[in-house]
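Just so you know, these numbers come straight off a predicted model, no measurement behind them.
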Amino acid sequence: VRLVESGGGSVQAGGSLRLSCAASEYKYSIFCWGWFRQAPGKRREGVAAIGSDGGTSYAESAKGRFTVSRDNANNTLYLQMNSLKPEDTAMYYCAAQDRPPCARWLERGPDPDFGYWGRGTQVTVSS
């Protein structure tokens with residue numbers, strides 16, 4: 001599976017960004033699909049994920065501000081980010097897994113054998 005992110009950039013606090021992740025070169029359906037982020041000097045954290053059934057999960061920091069969605073027809077994942085804060089500054093990575101289960105996926109991350117990562121897109125929020 002090849003994942004290519006786009007849509008990152010620099011915004012002021014309170015602004016919005018929409019990230020996209022285009023998937024290609026996969027044989028099976030994407031069961032778990034989502035966004036992780038990593039700021040300098042910090043551990044990677046799950047942000048938002050969506051399953052093949054449309055069920056979503058969010059980190060507490062993202063609830064109420066971020067919305068994850070997927071367009072299966074166009075093989076694209078989105079992350080709409082509103083009310084951005086300086087602490088949202090990080091490299092955002094798209095990740096996917098082509099086998100179930102997706103339970104606790106934001107905590108565990110993609111399965112090492114069945115998971116895939118994009119190269120990331122930078123989001124910078126200034127105060």
> From R119 CZ over to Y93 OH, what is the distance, rounded to the nearest 0.5 angstrom?
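The OH atom of Y93 is 10.0 Å from CZ of R119, to the nearest 0.5 Å.
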> List the atom of C32, the atom of P101, and the distance in Å for their closest heavy-atom pair.
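Nearest pair, atom of C32 first, then P101: SG-O, 3.7 Å.
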> Apply side-chain contact (heavy atoms from CB on, under 4.5 Å) to N74 and list each qualifying residue two or more places apart in sequence or on a separate chain.
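With neighbours one apart ignored, the set is D71, T76.
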> Keeping R70 on the side-chain end and L77 on the backbone end, is there a donor-acceptor pair under 3.5 Å?
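No; zero donor-acceptor contacts below 3.5 Å.
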> How close do G34 and W105 get, counting heavy atoms only, and between which atoms?
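What the structure gives for the nearest pair is N-CZ3, 3.4 Å.
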> Quick one: pull up CE in M81 and CG in L19 and give me the separation to the nearest 0.5 Å.
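Taking CE in M81 and CG in L19, the distance rounds to 4.0 Å.
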> Distance-only check: which donor-acceptor pairs under 3.5 Å involve side-chain atoms of residues 41-49, not counting sequence neighbours?
residue, atom, partner, partner atom, Å
E45, OE2, R37, NE, 2.6
E45, OE2, R37, NH2, 3.1

> Run the numbers on W33 and Y78 for ring pair (Phe, Tyr, Trp, His ring centres under 6.0 Å), then give the verdict.
CA-CA 10 Å; W33 208 356; Y78 300 100; 8.9 Å; no
> Which other residues belong to the hydrophobic cluster containing F31, where Ile, Leu, Val, Met, Phe, Trp and Tyr are joined when side-chain heavy atoms lie under 4.5 Å apart, directly or via other members?
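Members besides F31: none; it forms no cluster.
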> How close do A13 and S127 get, heavy atom to heavy atom, and via which atoms?
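Residues A13 and S127, closest heavy atoms: CB-CA, 4.3 Å.
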> Using side chain to side chain contact (heavy atoms under 4.5 Å, CB included), reason through L84 and L17 one step at a time and then give a plain yes or no.
CA-CA 8 Å; L84 282 161; L17 282 174; 4.1 Å; yes
> Would you say CZ of R2 has more than 12 non-hydrogen atoms from neighbouring residues, nucleotides or ligands within 6.0 angstrom?
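No, the 6.0 Å shell around CZ holds no more than 12 heavy atoms from other groups.
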> Ring centroids only, cut at 6.0 angstrom: are W35 and F66 within range, meaning strictly under it?
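Here the rings of F66 and W35 have centres that are no less than 6.0 Å from each other.
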> Is there any side-chain hydrogen bond (donor to acceptor under 3.5 Å, both in side chains) pair reaching into residues 6-23, and which pairs are they, with sequence neighbours excluded?
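Qualifying pairs: S16-N82.
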> At what distance, to the nearest 0.5 angstrom, does CD of Q97 lie from OG of S29?
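One gets 13.0 Å once the value is rounded to the nearest 0.5 Å.
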> Can you list everything that forms a side-chain contact (heavy atoms from CB on, under 4.5 Å) with V1? Sequence neighbours excluded, please.
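Only L3, Y26, Y116 meet the side-chain contact (heavy atoms from CB on, under 4.5 Å) criterion with V1.
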> Can you measure from CD1 (I50) to CD1 (I30) and round to the nearest 0.5 angstrom?
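So the gap between those two atoms works out to 11.5 Å.
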> To the nearest 0.5 Å, what is the distance between CG (D88) and OG (S83)?
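The CG atom of D88 sits 9.5 Å away from the OG atom of S83.
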> Can you hop from V123 to M91 via hydrophobic side chains spaced under 4.5 Å?
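Looking at the clustering, M91 is in a separate group from V123.
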> Can L106 be reached from V68 by stepping across I, L, V, M, F, W or Y side chains whose heavy atoms are under 4.5 Å apart?
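V68 does not cluster with L106.
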> Would you give the length of the straight line joining atom SG of C102 to atom CG of D53, rounded to the nearest 0.5 angstrom?
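Separation between the atoms: 7.5 Å.
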> Does E87 have any side-chain contact (heavy atoms from CB on, under 4.5 Å) partners at least two apart in sequence or in another chain, and if so, which?
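So E87 forms a side-chain contact (heavy atoms from CB on, under 4.5 Å) with K85.
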> Please tell me whether V125 and Y92 are part of a single hydrophobic cluster in this structure, the criterion being side-chain heavy atoms less than 4.5 Å apart.
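They do share one cluster, since a chain of ILVMFWY contacts under 4.5 Å joins V125 to Y92.
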> Has the side chain of T121 got a donor or acceptor atom that lies under 3.5 Å from a matching backbone atom of G8?
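Indeed, once roles are kept as given, a pair shorter than 3.5 Å links the two residues.
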> Looking only at non-hydrogen atoms, find the nearest pair between S126 and P86 and report the distance.
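The pair with the smallest heavy-atom distance is C-CG, 4.4 Å.
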